[in-house]
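Working notes for the structure below.
Any value given below was found using the heavy atoms of this structure, including those in side chains, with hydrogens, waters and symmetry copies removed. Here is how names work: the chains are called A, B, and so on, in the same order as the sequence lines, proteins then strands, and each is numbered from 1.
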2 protein chains.
Amino acid sequence: MDNRAHFLRLAHTERIVGLLRQGPVSRAELQARTGLSRATVSAIVAELRRDGVVAARPDPHERTGPGRPAELIGLADRNARTVGVAFYRDGLRVALGDALHQIVGVAERPFARSTGWAERGAVAVETLRELCVEYEVTLAGVDGVGVGVVGPVAPGRLAGRWRVAVDRLAEAVGAPVYVDNNVRLAALAETIWGAAAGHDSALYLHVGEGVGGGLVLGGRLYRGDSGAAGEFGHVTVDPDGPRCHCSRRGCLELYANVPAILSAAGRRGARARDIEAGYGLAEALADPAVDAALRRAAEHAGTVVAAALATVDVHHVVVGGLFAAAGEHVRRTFADTVRSRVLASVAERLRVVPAALGAPGGALGAVALVHHSSPLLTGYEPLRHSITERRTT
Amino acid sequence: MDNRAHFLRLAHTERIVGLLRQGPVSRAELQARTGLSRATVSAIVAELRRDGVVAARPDPHERTGPGRPAELIGLADRNARTVGVAFYRDGLRVALGDALHQIVGVAERPFARSTGWAERGAVAVETLRELCVEYEVTLAGVDGVGVGVVGPVAPGRLAGRWRVAVDRLAEAVGAPVYVDNNVRLAALAETIWGAAAGHDSALYLHVGEGVGGGLVLGGRLYRGDSGAAGEFGHVTVDPDGPRCHCSRRGCLELYANVPAILSAAGRRGARARDIEAGYGLAEALADPAVDAALRRAAEHAGTVVAAALATVDVHHVVVGGLFAAAGEHVRRTFADTVRSRVLASVAERLRVVPAALGAPGGALGAVALVHHSSPLLTGYEPLRHSITERRTT
């Protein structure tokens, strides 16, 4: 097969697999919805079956007449095989990736902030099992797990509490486990599938319950010497400001996280997570006090990102979390502040765009981390998690 | 040859050449002093002879018996062949590199600030010719020229005035010419031969007549999308501050360059370049007003570098120019400010060191750029200069 024919075939294959991802369909429907000939559909389906990617089973709603029995073509069992789990402060998300490095399904599970760490691991395992049942995969078929956690992650420095949760997950799955920071994984996902796809460099800023970030520089995901690259939340905005949990004063995170913005607007009671996810967001944004607090936060964040751009000089900035959800005018305040504080040569080519993948971004990035298939991960050594040895008592 | 074998061979080659730099030796001595086998030494010497790097001549002190005549192996004549030229505002520096990517000689030439751009190119050519005579090289033997200039350099964006000077140089040499920013070249040199040698990541800050910087991130020199990465001089320190030449207000460069520091101390007349080079520095520093202005500058610079570290998280910071020359207490003020504003995990491993190569750093980095031999330049595309076409009149 020459190159052009090869790519055409690949494109047709992707189209068919894309359709199958929405659920099993008949051959006739495959032909109708792809516009491909019966012969082409048959040849591609045959190849996909041979590779174990799709399976055919009798159509329960179709009477079998003479000739070939009516069949439904669907993605094969055990096709999904890579798992991404992103632990947040009050919940987690799980994503399943298939052998084609595509995301086939995601699930979300909230938990109380008071939930113990081992219990969080157990919730992850339970959610994963349910997702596996839904997509007809067995846990034994999983060949790798990517895990995102809150806070900086560096070699050998995974905080003890997270170790407990990740250990539980690793024991249940029995496959290699790789750990990284949630926001960095979301940045990776945005540059593979999302708002910065195809760009060599991008800065990602996430405003949620905290403020975090991620960097793709010169075609590579960048971690930094301590795993703390892109920790924009702890840049000093006001050296005489209030004390931050990091022990210093006036960090950006004190002014530009969702609870702080709601609290500045006198809405201390509103649930930050709901707002971040968009529930009650419209109502909150209609409050001029919230809007004003949000704009101030956008200005502070813009100042910090401008200093970051003086350092790394990238033209693509992706904003996630509240800044993505809150609408164009907040992003404009943010972008205008950035532009007013960077060199003209950088300002004129700057693009500020909202994240495209939303909340599941971290879990999707965790799948990508395991596949390690993106050029963005060239030279990036995923942090392999080893189950903590238990002392025998 | 696989990668590991390749690097081992490089290491052996460097060891042999390192020995030869001390003077010619016999093959037997090479084997004894390197601990390498006769076969390895022979293979490497043969390769170096083929490349014209070493030459063999009869050993005058050794009687020739039967078999191979006694020979001394030494570095070949006319070995220097790569040139680095760094243009500054009021002078230039030229460095000559040999075929082994080592610096063999440097020269310096001041010129008046009013010197025309073509004339600057002519001064560079003249200085280069003299250096070539001194080291017995012909201009025709030069196989590449690296050029450092003041200000940001990005593909296709070399300022017209610099083009005039670089054109003149390129015409005289007739070898490929590569251009980059002086400070970035100095950063490269410091991470190859200087204060950050052997480190995978480093941030370089230069305080001279302007404030510039360079970044080595994850083992690669980093330029940024516009060639403006590490432009720390234009981070806003005070949004209500005075107007900067970049058209914005309160940039770091307004507070932390040598003339500004002298002027803040009421020494407007002192020649900044002399001070930067160390002439009259001790006397100036003995002035409490200069010392106070310098400390304030160090605090401002520390604030900016702390924000940069929140972005790129590197543990090695190299300071050049005045901050290197001014002594330990200024660096301590700078380092303390940085440490007080970065995450504890970064602060505890932060090292702030003075540049080791001094003023010739830019020219040395320009040599490295041509060789393109450092792993730090992996994926770094040097900006090849094409001589500007002249209109026929």
TODO: Report the option among Leu217(A), Val346(A), Thr311(A), Leu343(A) that has the most heavy-atom pairs separated by less than 4.5 Å from atoms of chain B.
DONE: Thr311(A)

Open item on the list: Is Arg341(A) close to chain B through its backbone or its side chain, or both, or neither, when contacts mean heavy atoms under 4.5 Å?
Closed with: both

Open item on the list: Need one label for Ser247(A): side chain, backbone, both or neither, based on atoms under 4.5 Å from any heavy atom in chain B.
Closed with: neither

Open item on the list: With heavy-atom distances below 4.5 Å as the criterion, would you say the side chains of Val150(B) and Trp162(B) are in contact?
Closed with: yes

TODO: Determine, stepwise, if the pair His315(B) / Ser201(B) fulfils side-chain hydrogen bond (donor to acceptor under 3.5 Å, both in side chains).
DONE: CA-CA 7 Å; His315(B) 293 158; Ser201(B) 296; over 6 Å; no

- [ ] For each of Ala310(B), Ser340(B), Ala308(B), tally heavy-atom pairs with chain A at distances under 4.5 Å, and name the one with the top tally.
- [x] Ala310(B)

Open item on the list: In terms of relative ring orientation, are His234(A) and His245(A) parallel, tilted or perpendicular, with 30° and 60° separating the classes?
Closed with: perpendicular

Open item on the list: What's the separation between atom CG in Asp225(A) and atom NE2 in His199(B), rounded to the nearest 0.5 Å?
Closed with: 9.5 Å

Task: Region of Ala306(B) that comes under 4.5 Å of a non-hydrogen atom in chain A - done: neither

Task: Side chain / backbone / both / neither for Leu203(A) at chain B, heavy atoms under 4.5 Å - done: neither

Task: Polar contact flag, side-chain donor to acceptor under 3.5 angstrom, Asn182(A)-His206(A) - done: no

- [ ] Identify which part of Val304(A) has an atom lying under 4.5 Å from any heavy atom of chain B, answering side chain, backbone, both or neither.
- [x] neither

Open item on the list: Which atoms of Ala344(A) are under 4.5 Å from chain B, going by heavy atoms: the side chain, the backbone, both sets, or neither?
Closed with: neither

- [ ] Mind checking the CD-CG spacing from Glu209(A) to Asn257(A)? Nearest 0.5 Å is all I need.
- [x] 8.0 Å

Task: Gap between atom CG of Asp180(A) and atom CG of Leu221(A) - 0.5 Å precision - done: 7.0 Å

Task: Contacting region of Leu215(A) [heavy-atom separation from chain B under 4.5 Å] - done: side chain

Open item on the list: Between Leu309(A), Val314(A), Asp200(A), who has the most heavy-atom pairs with chain B when the cutoff is under 4.5 Å?
Closed with: Val314(A)

Open item on the list: Can you tell me how the ring of Tyr255(A) sits relative to the ring of His300(A), calling it parallel under 30°, perpendicular over 60° and tilted otherwise?
Closed with: tilted

Open item on the list: Under a 4.5 Å cutoff for heavy-atom pairs, which residue among Val305(A), Val342(A), Thr303(A) has the most contacts with chain B?
Closed with: Val342(A)

